[in-house]
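Contents: one structure, followed by commentary.
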Amino acid sequence: MLATRQPVLRRFWYAVMPQSQLADGKPHGFTLLGEKIVLWQRGDGSIACLKDRCCHRTAQLSLGFLEGDHVVCGYHGWTFEGGGRCVRVPQRPAGQPIPSSYCVPAFRAEPRYGYIWVALDEPLTGIPELPEHGRDGWRQIEQFYEPWNIGALRLMENSFDSAHIAYTHRGTFGDMSRPETTPAEITPAEFGFLSRVASPVAVRGEIAQQVVRTDSSTSERRIESIWYMPFVRRSAIRYPHGVEHVIITCATPMDDQRSMIVQWAYRNDTEAETPAAQIIAFDRAVTLEDKLILESTDPDVPLAVAEGEELHMGSDRPGLLMRRMLGELLARHGETEQRRTA
Ligand code: FES
Ligand SMILES: [Fe+2]
């Protein structure tokens, strides 16, 4: 599936950048599903988002600057309000009205959880609800914001693939002597599913022991994960010692080969118990193991699972369900799966 060629994928919310990036009072560009967009923050804290293409001579508005709540094109100074209407053409004689056709398309943008979320077309569902956010006794830890050369669906599948842990993560918490997996218990929802699985893990080295808060070299992870269609997952990892580590990972599709990895975590312990820097260092090591492998995979994931283009095993069931549900989503919206033709 090539995400940029499936219009229905424009009807979901995606985390595109940390809200703090907009605090510099400048317009910022991003590419979402192949669509270049420009974002900025208005004086009242609300977010404006337009197509990043001036309607005069196509220059990128993100190269311009802000004047109050408006963005000014850096080429000839045409000025746009957050709804996309051109409010000033500096070269026009004073008093001459600006035609309503002088405008650029606007998109929905909302700040939530410290990130800006954008939906390019009428959303089919809301921004995921994260129960730990702002809850007493929990803290939020920002982890990663970086582009990876992967198809977004590969990362989603990987997040629910318990068989990769023993091998991909053999350098951190994987245990190749115990490659068997237990089947996940999966409960489908309208736009995603809930999966529960328990797996034995290795706890190697001091940092890992501190993050898991154990002295032992083994532990068990009980993971309750939610897949929010199409490309967000929330994994709540519960260790026997009572520590809970909730990871939110968004694979925001920039185009058909690149995804912005936006990840943050919630923890129910304190900075004094486990410093955030250690948690990030551990998740960084784990994430780099995933990145190395995932960037070697074909970004064009086939949704049709029966054709034998890829082969499967039992532990692939969550990923196969994602493919099936995405295929059904496309069909409900009159689309067929688009693939690379070469
Ligand atoms: S291209 Fe934007 S003002 Fe001319
Ligand atoms: Fe992994």
Side-chain angles (χ1 to χ4, degrees), residues 27 29 36-38 40 50-67 70-81 84-92 98-99 101-105 143-144 146 148 150-176 178-179 181 184 195 197 199-202 204 208 211 221 223 225 227 231 233-237 245-251 259 261 263 265 279-280 282-297 315-316 318-319 322:
K36 288 194 169 68
I37 57 178
V38 55
W40 71 96
L50 300 181
K51 191 176 175 79
D52 196 10
R53 181 183 159 107
C54 182
C55 56
H56 176 224
R57 284 294 177 270
T58 77
Q60 284 184 252
L61 295 169
S62 54
L63 297 175
F65 53 93
L66 298 187
E67 230 170 48
H70 301 156
V71 68
V72 181
C73 179
Y75 199 176
H76 310 94
W78 289 26
T79 303
F80 301 88
E81 49 93 41
R85 194 168 49 87
C86 180
V87 293
R88 182 163 183 254
V89 174
Q91 298 77 9
R92 274 175 99 86
I98 297 171
S101 58
Y102 285 31
C103 64
V104 284
Q143 295 197 312
F144 315 120
E146 60 196 27
W148 287 12
I150 57 165
L153 186 52
R154 289 284 180 205
L155 182 62
M156 286 299 106
E157 289 196 349
N158 175 71
S159 302
F160 291 81
D161 168 4
S162 49
H164 87 288
I165 292 173
Y167 283 81
T168 305
H169 297 301
R170 60 191 178 276
T172 51
F173 67 107
D175 184 350
M176 284 193 295
R178 292 185 291 173
T181 57
S195 142
V197 72
S199 46
V201 294
R204 295 191 186 94
V211 169
R221 274 183 159 204
I223 310 184
S225 296
W227 173 50
F231 307 127
R233 68 97 185 226
R234 165 190 174 275
S235 277
I237 302 163
H245 183 85
V246 179
I247 304 176
I248 313 301
T249 309
C250 310
S259 302
I261 305 307
Q263 182 167 306
I279 294 168
I280 295 169
F282 180 73
D283 281 346
R284 164 54 80 194
V286 170
T287 302
L288 287 177
E289 291 172 329
D290 287 313
K291 180 175 193 257
L292 177 71
I293 296 286
L294 290 175
E295 287 195 331
S296 77
T297 63
S315 53
D316 295 324
M322 284 180 194

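Numbering starts at 1 and runs along the sequence shown. Order of listing sets the numbers, starting from 1, for every ligand and every atom in it. Below, each value reflects all heavy atoms present in this structure, side chains not excepted, and no hydrogens, waters or symmetry copies. Everything numeric here is computed off the predicted structure, so don't read it as measured data.
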Step through the shown structure and confirm whether more than 12 heavy atoms of other residues, nucleotides or ligands are within 6.0 Å of CZ on Phe144.
-> yes
Is Glu157 reaching over with its side chain to a backbone N or O of Phe160, donor-acceptor style, under 3.5 angstrom?
-> no
Under 4.0 Å from a heavy atom of Tyr75: give me the atoms of ligand 1 that qualify, with their elements.
-> 1 (S), 4 (Fe)
When every non-hydrogen atom of Arg154 is compared with those of Leu294, the smallest separation belongs to O-CD2, 4.0 Å
Any side-chain heavy atom of Ile98 within less than 4.5 Å of one from Val87?
-> no
Close side-chain approach of Arg53 to Val38, heavy-atom, < 4.5 Å = no
Could you tell me whether the side chain of Gln143 reaches within less than 4.5 Å of the side chain of Ile279, counting heavy atoms only?
-> yes
Trp78 neighbourhood, listing ligand 1 atoms whose heavy-atom distance to it stays under 4.0 Å = 3 (S)
Numbered in order shown, the ligand 1 atoms found under 4.0 Å of a heavy atom of Arg57 are 1 (S)
List the steps and the verdict of ring-ring contact (aromatic ring centres under 6.0 Å, His included) for Trp78 and Tyr102.
-> CA-CA 9 Å; Trp78 289 26; Tyr102 285 31; 4.9 Å; yes
Looking at His56, the N, O or S atom sitting nearest atom 4 (Fe) of ligand 1 is ND1
Does some side-chain heavy atom of Ile247 sit less than 4.5 Å from a side-chain heavy atom of Arg233?
-> yes
Determine whether Leu155 and Phe231 make a side-chain contact, defined as any pair of heavy atoms from C-beta on separated by less than 4.5 Å.
-> no
Degrees at atom 2 (Fe) of ligand 1 between the SG atom of Cys54 and the SG atom of Cys73, nearest 10° | 110°
Starting from atom 4 (Fe) of ligand 1, find the nearest protein heavy-atom neighbour and note its residue, name and distance.
-> His76 ND1, 2.0 Å
Protein-side N, O or S atoms sitting under 2.8 Å from the Fe ion (ligand 2) are His164 NE2, His169 NE2, Asp290 OD1, Asp290 OD2
